[in-house]
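Notes follow the structure.
Chain naming here is simple, since letters A, B, ... match the order of the sequence lines and numbering starts at 1 in each. Atom set for the values below is all heavy atoms of this structure, side chains included, hydrogens, waters and symmetry mates excluded.
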Amino acid sequence: MTVFEKKVLRIISKIPLGEVRSYKWVAQKAGKPNAYRAVANALSKNKYPLFIPCHRVIYSSGEIGGYFLGKPLKEKLIKLEQKIKSMIK
DNA sequence: ATATAGCGGATCA
DNA sequence: TGATCCGCTATAT
């Protein structure tokens, strides 16, 4: 577990409910604006994916990226969270 | 829309 | 070290 990974995990865990961020955004917050690939790598090697809202991290284009649970599920989770967000509002 | 290169960090040999 | 992989991105067709 490297410092960079910790930063990434911390940052992603702070993403609000229903919000989505790009890999680039996360990389910038981690202090390595060009390390978006490393972010993806870190997440794929992440030991606790269920405790990290990695489904809120998508392409910079806004498209759903890859996901260890499957892209369709990832998209569903995002929409579900948006729904919850509007519900509790 | 597709192809390509580049890039940072992890992993393996 | 060096090669290779990745849940990527920007740029050029």
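Cluster partners of A/V20, using a side-chain heavy-atom cutoff of under 4.5 Å among ILVMFWY residues and allowing indirect links, are A/I58, A/I64, A/I78.
With a cutoff of under 4.0 Å to any heavy atom of chain A, the contacted region of DNA chain B is bounded 5' to 3' by B/dG6 to B/dT11.
Considering only residues two or more places apart in sequence or on other chains, A/K85 meets the salt bridge (charged side-chain N to carboxylate O under 4.0 Å, His left out) condition with A/E19.
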Working note: A/H55 + A/E75, criterion side-chain contact (heavy atoms from CB on, under 4.5 Å); need CA distance, chi angles, decisive distance, verdict.
CA-CA 8 Å; A/H55 56 271; A/E75 190 173 11; over 6 Å; no
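In this structure, the side chain of A/K74 engages the main chain of A/V57 through a donor-acceptor pair within 3.5 Å.
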Encoded 5' to 3' (Watson-Crick or G-U under 3.5 Å; [ ] crossing; | other strand), DNA chain C becomes ||||||.||||||
Indicate every side-chain donor-acceptor pair of residues 29-45 of chain A with a distance under 3.5 Å to a residue at least two apart or in another chain.
unit_1, atom_1, unit_2, atom_2, d
A/R37, NH2, A/N34, O, 3.1
A/S44, OG, A/A40, O, 3.4
A/S44, OG, A/N41, O, 2.6

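Looking at heavy-atom distances under 4.0 Å, A/S61 makes no contact with the nucleic acid at all.
A/R56 CZ to A/R21 CZ: the interatomic distance, rounded to the nearest 0.5 Å, is 10.0 Å. In this structure, OG on A/S22 lies 7.0 Å from CD on A/Q28, to the nearest 0.5 angstrom. Separating the CG atom in A/L73 from the CG atom in A/L80 is a distance of 10.0 Å, to the nearest 0.5 Å.
For C/dG7, its base never sits under 3.5 Å from the side chain of A/Y59 at any donor and acceptor pair.
Proximity of residues 33-41 of chain A to DNA chain B (heavy atom under 4.0 angstrom from any strand atom) is restricted to A/N34, A/A35, A/Y36, A/R37, A/A38, A/N41.
A/S60 places none of its side-chain heavy atoms less than 4.5 Å from the side chain of A/W25. Between A/K7 and A/V3, the closest side-chain pair of non-hydrogen atoms falls below 4.5 Å.
When rounded to the nearest whole Å, the span between CZ of A/F4 and P of C/dC8 equals 14 Å. Per the geometry, CG belonging to A/N46 stands 22 Å off P belonging to C/dC5, to the nearest Å.
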